[in-house]
> 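Quick one: structure below, then a few questions.
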Amino acid sequence: MHHNNHHHGHHGRYQHHHHNQHLKRPLKGGTEDDDILEITPIGSGSEVGRSCVLLKYKGKKVMFDCGVHPAYSGLVSLPFFDSIESDIPDIDLLLVSHFHLDHAAAVPYFVGKTKFKGRVFMTHPTKAIYGMLLSDYVKVSNITRDDDMLFDKSDLDRSLEKIEKVRYRQKVEHNGIKVTCFNAGHVLGAAMFMIEIAGVKILYTGDFSRQEDRHLMGAETPPVKVDVLIIESTYGVQVHEPRLEREKRFTSSVHQVVERNGKCLIPVFALGRAQELLLILDEYWIANPQLHHVPIYYASALAKKCMGVYRTYINMMNDRVRAQFDVSNPFEFKHIKNIKGIESFDDRGPCVFMASPGMLQSGLSRQLFERWCSDKRNGIVIPGYSVEGTLAKHIMSEPAEITRLDNVNVPLNLTVSYVSFSAHSDFLQTSEFIQEIQPPHVVLVHGDANEMSRLRQSLVAKFKTINVLTPKNAMSVALEFRPEKVAKTLGSIITNPPKQNDIIQGILVTKDFTHHILSASDIHNYTNLKTNIIKQKLTLPFAQTYHILISTLEQIYEQIIESTESSGGGGGGGGGGGGGGANEKPIITIYNEIKLTYNIGVSIILEWNSNTVNDMICDSIIALISQIELNPLSIKVRNPNFNNIDEKEEITKDDIKKEQQQDNVIKKEDQDDEIQIKVVSRKSRKLSNKLNTITEVKLLLEQQYGNFKVDENDPLILHFNLDNQKAIIYLETLTVESLDQILKQKIENSIKRIILSVSPIGNNLNQNNNQDNENNIKIETDIK
């Protein structure tokens with residue numbers, strides 16, 4: 001596997017090879033651009049913090065999470081939005097997995113200060129706690145660093161207006177993107193998002209934990225096959241110790257510190273793990289009366305507010321908590337005192353103090369740590385994951401001294417213990433999860449680069465066929481998916497099931513990656529599209545006689561019908577009453593589609609329903625009329641005596657034979673001369689048309705199949721015999737008889753093609769007229 005680093009916009013991509021067949025497995029060659037699914041982390045790529053992943057496929061764009069980096073502040077802590085600047089206006093959805101700052105704190109900035117116009121989704125508890133957490137974040141930013149504030153209260157309020165709430169297992173559809181969210185464990189309201197675009201399913205886990213703890217259920221496994229899994233890798237290949245052992249280590253670490261009259265600091269984030277630790281400590285204190293004199297303080301006005309949310313959403317927690325809740329609220333603690341801040345705190349004697357933030361970046365936990373760190377009786381218990389670059393991470397290596405916020409160095413004497421309560425997935429949970437959903441592609445995010453590469457190697461070794469990718473920030477991975485394109489027919493377009501090689505004509509309607517073929521008349525039944533017919537009407541100056549007009553038209557167009565219309569009213573006639581007081585206006589209809597109204601000596605009104613064929617014929621009629629008007633003497637005119645021949649008179653077999661014999665005689669006599677048969681009457685004109693067609697059909701069939709034997713009794717019957725494959729072709733009716741169905745079909749198809757190429761317009765119009773004018777919005781596949 002090799003990959004090329006690239007910035008957004010270039011097409012560097014991971015190359016990858018596949019061993020096992022998967023239904024929507026990428027294929028090589030002939031790729032359309034929108035068959036490429038592109039995943040770009042612009043935060044949390046080989047790092048923990050500022051989770052933010054952009055996914056692009058089939059012109060749709062979805063962003064997962066939008067957090068800040070805990071080790072930085074201000075603009076530097078944001079995801080790399082500049083690397084996707086051109087994509088931001090087109091992002092359809094922003095899906096936020098849970099309320100932690102490294103997943104949600106950049107939302108007000110992104111919604112308010114970039115060109116993002118899409119929709120934002122969170123679960124109910126996430127939205128409620130997001131509002132509280134971030135208003136606290138704004139206050140803290142206000143106190144500490146005014147110049148570098150990312151957003152203020154009004155930006156936060158605007159983002160809250162925009163956020164829509166979803167429940168677990170609820171399906172939402174937007175712009176062809178289907179979204180379902182599943183419980184992710186981790187913290188209250190945490191969700192995994194499954195999205196489906198054009199049949200390809202992508203699951204983004206966010207932070208997840210499959211292990212049930214004191215108050216939360218473990219993450220659920222979505223009940224569907226996933227094509228791409230974007231998964232956290234915070235703990236890499238580490239395996240968490242069993243819950244009870246971990247709790248025991250935690251309570252005994254705290255016990256040891258207070259037993260030696262020390263003060264025990266537990267830095268936590270206001271919400272999430274803090275609630276779990278409070279439940280454990282309260283239970284331990286109840287069980288150990290000798291500790292009752294030692295106070296446990298919990299400094300967080302914020303958590304107090306958020307406890308309301310915890311009570312509200314108790315039904316989203318596990319059975320254990322719900323059972324306790326029936327007796328008394330487990331979140332109303334017996335031994336834990338809420339305390340506003342450090343001012344009202346009596347700092348004498350042993351105590352346990354839980355304060356935020358969890359990585360000692362600033363705030364109350366930092367103040368207390370600096371106050372207590374030089375006394376060796378005191379201790380700190382770090383209960384969660386610490387990010388590189390934070391003080392909590394630094395003191396785990398037990399340095400001799402630390403630097404205070406005021407840049408003074410002081411000795412570090414207190415005991416440091418680390419007990420991970422982090423509700424993140426470990427190697428066992430991650431590999432079990434992958435085993436269950438069997439994704440062909442796994443993209444690792446939210447993990448330190450070293451942990452991530454170790455996890456990648458272990459997963460590749462364990463699941464031989466899975467393609468594991470570890471993109472860095474602002475670097476894309478490209479996967480190719482070519483879902484089968486299937487179009488279903490709806491409505492009256494097909495009355496009988498189509499057979500192989502049948503041509504289906506209709507309108508292809510595509511919405512959100514589903515394709516249907518409909519007949520034009522059904523469009524309004526199955527879609528909210530309307531069909532329109534464009535009627536064209538054109539008046540041309542024309543001062544010549546009717547006789548010149550009809551003669552010329554007849555030489556060029558078949559299917560001409562003459563009629564009259566009284567000029568008092570009637571459909572097409574009102575364009576200036578004719579000269580000579582005549583009340584009747586001549587009407588000429590060509591191919592049943594085009595109507596010419598002749599205003600005697602003044603003008604011609606041309607009317608037709610617009611479509612490709614009709615427009616083409618009308619262009620030629622207009623050119624013809626203009627030519628007659630300019631130079632009437634250049635036109636050859638028929639003899640008016642033949643006006644009254646009955647239109648419906650049939651052309652008989654004898655007519656054709658006579659004409660052919662005559663033709664042969666002329667040809668024999670005078671082969672070098674160009675012979676022009678003058679079209680004398682409508683009958684002979686139709687006859688010559690039919691003769692021409694028959695001659696062309698015979699000629700072109702012979703070119704294709706070799707010579708035919710002409711029937712002795714009838715020159716219009718041809719016999720075909722090749723390797724005992726026999727067929728009879730009737731030129732008069734252009735039909736074929738043969739016992740060999742394949743041969744019959746083959747010759748019939750050839751005849752159809754020949755007729756289409758010899759006389760395309762007449763045939764098309766006959767076909768189109770039968771289809772009730774659908775042709776004006778038909779995809780014309782037959783015009784060669």
Side-chain angles (χ1 to χ4, degrees), residues 5-9 40-54 63-88 91 94 96-97 99-116 130 133-156 159 207 232 234 267 269-270 356-363 365-366 384-394 402-407 445-450 452 471-476:
N5 268 13
H6 78 290
H7 286 294
H8 189 85
T40 314
I42 55 164
S44 73
S46 296
E47 65 172 2
V48 177
R50 62 174 158 214
S51 282
C52 192
V53 180
L54 178 67
M63 183 182 274
F64 299 105
D65 281 338
C66 195
V68 296
H69 199 297
Y72 311 113
S73 66
L75 290 169
V76 193
S77 66
L78 288 173
F80 295 97
F81 292 135
D82 51 348
S83 69
I84 59 156
E85 203 167 341
S86 60
D87 291 306
I88 292 177
I91 293 175
L94 166 56
V96 179
S97 63
F99 57 67
H100 279 153
L101 296 180
D102 63 324
H103 291 261
V107 173
Y109 178 89
F110 187 66
V111 169
K113 303 199 173 182
T114 68
K115 291 178 178 163
F116 171 71
Y130 159 90
L133 260 183
L134 286 190
S135 58
D136 187 65
Y137 179 81
V138 169
K139 281 181 208 146
V140 173
S141 311
N142 260 334
I143 300 160
T144 51
R145 37 173 191 274
D146 214 350
D147 52 329
D148 213 3
M149 261 179 72
L150 292 176
F151 53 87
D152 56 25
K153 186 82 175 70
S154 63
D155 295 320
L156 173 60
S159 76
D207 293 353
E232 66 145 316
T234 321
F269 284 107
S356 62
M359 300 184 202
L360 306 174
Q361 306 95 301
S362 57
S365 59
R366 178 67 171 252
Y385 184 87
S386 300
V387 171
E388 283 299 337
T390 57
L391 179 62
K393 184 79 176 171
H394 177 56
I402 58 117
T403 307
R404 292 197 322 215
L405 282 175
D406 56 10
N407 290 327
V445 294
H446 198 285
D448 166 79
N450 301 329
M452 207 180 255
K472 294 187 163 52
N473 281 333
M475 175 180 169
S476 301

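The first residue of the sequence shown is numbered 1, and numbering continues consecutively from there.
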> Among all residues two or more places apart in sequence or in another chain, which pass the ring pair (Phe, Tyr, Trp, His ring centres under 6.0 Å) test with Phe64?
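If we apply the ring pair (Phe, Tyr, Trp, His ring centres under 6.0 Å) test to Phe64, skipping adjacent residues, the hits are Tyr204.
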> To the nearest 0.5 Å, tell me how far Leu94 CG sits from Met63 CE.
6.5 Å
> By salt bridge (charged side-chain N to carboxylate O under 4.0 Å, His left out), which residues pair with Asp155, not counting sequence neighbours?
Lys113, Arg158
> Could you pull out all residues at least two apart from Asp152 that satisfy side-chain hydrogen bond (donor to acceptor under 3.5 Å, both in side chains)?
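Result, side-chain hydrogen bond (donor to acceptor under 3.5 Å, both in side chains) vs Asp152: Ser154.
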> Show the nearest heavy-atom pair for residues Pro108 and Ser159, with the distance to one decimal.
CA-CB, 3.9 Å
> For Pro471 and Pro41, which heavy atoms make the closest approach, and how far apart are they?
CG-CG, 3.7 Å
> How would you list, by chain and number, every residue that makes a side-chain hydrogen bond (donor to acceptor under 3.5 Å, both in side chains) with Glu47, sequence neighbours excluded?
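Glu47 satisfies side-chain hydrogen bond (donor to acceptor under 3.5 Å, both in side chains) with Arg50, Asn473 once adjacent residues are dropped.
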> Do Asp102 and Ser51 have a side chain donor and acceptor closer than 3.5 Å?
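No, no side-chain donor-acceptor contact under 3.5 Å.
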> Taking side-chain hydrogen bond (donor to acceptor under 3.5 Å, both in side chains) as the test, write out the residues that go with Tyr109, two or more places apart.
none
> Do you know the tightest heavy-atom contact between Ala104 and Val96?
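Smallest interatomic distance, heavy atoms only, reads CB-CG1, 3.8 Å.
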> I want to check something: taking the side chain as every heavy atom from C-beta on, are Tyr130 and Val107 in contact at a cut-off of under 4.5 Å?
yes
> Quick one: list whatever passes side-chain hydrogen bond (donor to acceptor under 3.5 Å, both in side chains) with Ser135, sequence neighbours left out.
none
> Do Pro70 and Leu101 come within less than 4.5 Å of each other through their side chains, counting heavy atoms only?
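Side chain of Pro70 against side chain of Leu101, heavy atoms only: no contact under 4.5 Å found.
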> List the residues meeting side-chain contact (heavy atoms from CB on, under 4.5 Å) with Ala392, not counting sequence neighbours, and say none if there are none.
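Partners of Ala392 under the side-chain contact (heavy atoms from CB on, under 4.5 Å) test: Met359, Leu360, Ile382, Ser386, Thr390.
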> Is Val53 close to Val445 at the side-chain level, that is, under 4.5 Å between some pair of heavy atoms?
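Val445 vs Val53: side chains touch.
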> So, using side-chain contact (heavy atoms from CB on, under 4.5 Å) as the criterion, who are the partners of Thr234 when residues are at least two apart?
Val48, Glu232, Tyr385, His424, His446
> Mind checking the CG-CG spacing from Leu156 to Leu134? Nearest 0.5 Å is all I need.
5.5 Å
> Considering all heavy atoms of both residues, which atom of Pro267 and which atom of Ser365 are nearest to each other, and what is their separation?
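Heavy atoms only, the tightest pair is CB-CB, 4.2 Å.
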> Could you grab the distance from atom OG of Ser356 to atom CG of Asp136, nearest 0.5 Å is fine?
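Going from the OG atom of Ser356 to the CG atom of Asp136 covers 7.0 Å.
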> Would His103 and Asp207 count as having a side-chain donor-acceptor pair, cut-off 3.5 Å?
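There is such a pair (donor and acceptor under 3.5 Å, judged by atom type) between the side chains of His103 and Asp207.
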> What I'd like to find out is whether the side chain of Lys393 reaches to under 4.5 Å of the side chain of Val387, using heavy atoms alone.
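A side-chain contact is absent here, since even the closest heavy-atom pair is not under 4.5 Å.
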> The criterion is ring pair (Phe, Tyr, Trp, His ring centres under 6.0 Å); which residues satisfy it with Phe110, sequence neighbours excluded?
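Testing Phe110 for ring pair (Phe, Tyr, Trp, His ring centres under 6.0 Å), a comparison that skips the adjacent residues, returns Phe81, Phe116.
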> Working to the nearest 0.5 Å, report the span between CG of Asp65 and CG of Leu54.
12.5 Å
> Return the minimal non-hydrogen interatomic distance between Cys52 and Ser44, and the atom names on each side.
N-OG, 3.8 Å
> Output all residues satisfying ring pair (Phe, Tyr, Trp, His ring centres under 6.0 Å) with His100, sequence neighbours left out; order by chain, then residue number.
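His100 satisfies ring pair (Phe, Tyr, Trp, His ring centres under 6.0 Å) with His98, His186 only.
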> With sequence neighbours excluded, tell me which residues meet side-chain contact (heavy atoms from CB on, under 4.5 Å) with Asn407.
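Asn407 satisfies side-chain contact (heavy atoms from CB on, under 4.5 Å) with Thr403 only.
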